[in-house]
K.L.:
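Starting off with a structure, shown below.
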2 protein chains.
Amino acid sequence: MVGRFGRRLIAMEEPILAAHEISMWAYAVLTALRDRPMRTQAALASAIGADKTRLIPVLDDLQRRGLITREPDPADRRVRLLSLTSAGGKLHAAVQGDIRAAEEALLAHVAPEDRARFLAVLQALNEVR
Amino acid sequence: MVGRFGRRLIAMEEPILAAHEISMWAYAVLTALRDRPMRTQAALASAIGADKTRLIPVLDDLQRRGLITREPDPADRRVRLLSLTSAGGKLHAAVQGDIRAAEEALLAHVAPEDRARFLAVLQALNEVR
DNA sequence: TATTGTTATACTCTATAACTATA
DNA sequence: TATAGTTATAGAGTATAACAATA
């Protein structure tokens, strides 16, 4: 059931991401960087559960489109300082808004008191152990 | 959250399936055939949301291990009649038992009244539209 | 020598197309 | 000719290993 629901959500999000010309990984990057800038690409990769090598083309694209900054740290020129540009922040907000609206529409089929309980249990299960 | 929970469940199930030397697709096949035998491989594939071509090595293996039968229909020798053997049924029951036990252990962290509600909402969300 | 990022390579999963056999 | 199943091939997505730059 969880698998089916997850696939349903992904199917629901895909056209939204496509409309903003952004991949799921790119969206994950924007979300992570909105929470806080990162000092290394490896830290970003582990934060979103991705491999560092498969993040590189994603970062290349985001940088080329002016959605993130990616500069060598003057103190240690091996590492790349990553942060969101204002354009990146705006795009993230737009995508997040669309996704939340779609989620709300789906959750509208559930009674409000069940809805809150459902989300709380889901969160609790994710925090077990 | 749903994605994270789904990945967690998959990670939980993987060692169980591996212990029984069975893949996730093979388990899906056994489950579908336990519910009812199938008249064609294509019907089985669509029942479990798989492509018919990627089912073939799975069926080859299950047949070789004596877990399913797979015989040409005498009435139309193009189609293969599929059903579970008793060994297949036993293996499915064993795997399902182990998976259910692991799920119960996880759900034990949730209050019993929340648990039923959670599963009901999950099912309802899957039935929307 | 160790670490960050990058590139090249290989591997897994999946889908598409071509083929065989039956009808 | 049309359909069920099979095989061969190609395409994503991902991970592993080798490499370059910097410390």
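Residue numbers start from 1 in every chain, and the chains themselves are labelled A, B, ... in the order their sequence lines are given, proteins ahead of strands.
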K.L.:
For B:F118 and A:F118, take the angle between the two ring planes, folded into 0 to 90°, and tell me which bin it lands in: parallel under 30, tilted 30 to 60, perpendicular over 60.
P.N.:
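Correct class here is parallel.
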K.L.:
Output one line per pair: protein atom, nucleotide atom from nucleotides 21-23 of chain D, and distance, for all N/O pairs under 3.5 Å.
P.N.:
{"unit_1": "D:dT22", "atom_1": "OP1", "unit_2": "A:R77", "atom_2": "NH2", "d": "3.3"}
{"unit_1": "D:dA23", "atom_1": "OP1", "unit_2": "A:R77", "atom_2": "N", "d": "3.0"}

K.L.:
Could you tell me whether A:R64 and A:D60 make a salt bridge, using a distance below 4.0 angstrom between a side-chain N and a carboxylate O?
P.N.:
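Result for this pair is no, no salt bridge flagged.
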K.L.:
Check the distance between D:dT7's P and B:D51's CG and give it to me in whole angstrom.
P.N.:
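These atoms are roughly 15 Å apart.
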K.L.:
Between the side chains of A:T69 and A:T85, is a donor N or O closer than 3.5 angstrom to an acceptor N or O?
P.N.:
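A:T85 and A:T69 do not have a side-chain donor-acceptor pair below 3.5 Å.
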K.L.:
Round to a whole Å and report the spacing from CG of B:L59 to P of D:dA4.
P.N.:
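Nearest whole value for this atom pair: 16 Å.
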K.L.:
Pairing donors with acceptors under 3.5 angstrom, does anything connect the side chains of A:R70 and A:Q63?
P.N.:
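Yes, because at least one side-chain N or O of A:R70 sits under 3.5 Å from a partner of the opposite role on A:Q63.
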K.L.:
Roughly how many Å is it from CD1 in A:I48 to P in D:dT14, rounded to a whole number?
P.N.:
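Interatomic distance, CD1 of A:I48 to P of D:dT14: 11 Å.
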K.L.:
Can you confirm whether A:R115 is buried at CZ, in the sense that more than 12 heavy atoms of other residues, nucleotides or ligands lie under 6.0 Å from that atom?
P.N.:
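It does: A:R115 CZ has more than 12 such atoms within range.
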K.L.:
In whole Å, what is the span from the NZ atom of B:K52 to the C1' atom of D:dT6?
P.N.:
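Rounded to whole Å, this separation is 9 Å.
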K.L.:
Round to the nearest Å and state the distance from A:R54 atom CZ to D:dT14 atom C1'.
P.N.:
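Distance, rounded to whole Å: 6 Å.
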K.L.:
Can the ring centroids of B:Y27 and B:H20 be said to lie less than 6.0 angstrom from one another?
P.N.:
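They do not qualify: ring centres at least 6.0 Å apart.
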K.L.:
Relative to the 5' end of DNA chain D, which residue comes earlier, B:R70 or A:W25, by the nucleotide with the nearest heavy atom?
P.N.:
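Looking at the nearest nucleotide for each, B:R70 comes out on the 5' side.
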K.L.:
Is it the case that atom CZ in B:R54 sees more than 12 heavy atoms from other parts of the structure closer than 6.0 Å?
P.N.:
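Atom CZ in B:R54 is packed in, count exceeds 12.
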K.L.:
Going 5' to 3' along DNA chain C, which are the first and last nucleotides with any atom under 4.0 Å from a heavy atom of chain B?
P.N.:
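The protein-touched segment is C:dT14 to C:dA23.
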K.L.:
For the pair made of CG in B:L55 and C1' in D:dT6, what is the distance, rounded to whole Å?
P.N.:
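The distance from CG of B:L55 to C1' of D:dT6 comes to 13 Å, rounded to the nearest Å.
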K.L.:
Is it the case that over 12 heavy atoms from other parts of the model lie below 6.0 angstrom from the CD atom of A:E21?
P.N.:
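No.
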K.L.:
For A:T40 and for B:R80, find the nucleotide of DNA chain C with the closest heavy atom, then tell me which residue's nucleotide is more 5'.
P.N.:
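In this pair, the answer is A:T40.
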K.L.:
Looking at B:R39 and B:D73, does any basic side-chain N land under 4.0 Å from a carboxylate oxygen?
P.N.:
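Here B:R39 pairs with B:D73 in a salt bridge, since their nearest N and O are under 4.0 Å apart.
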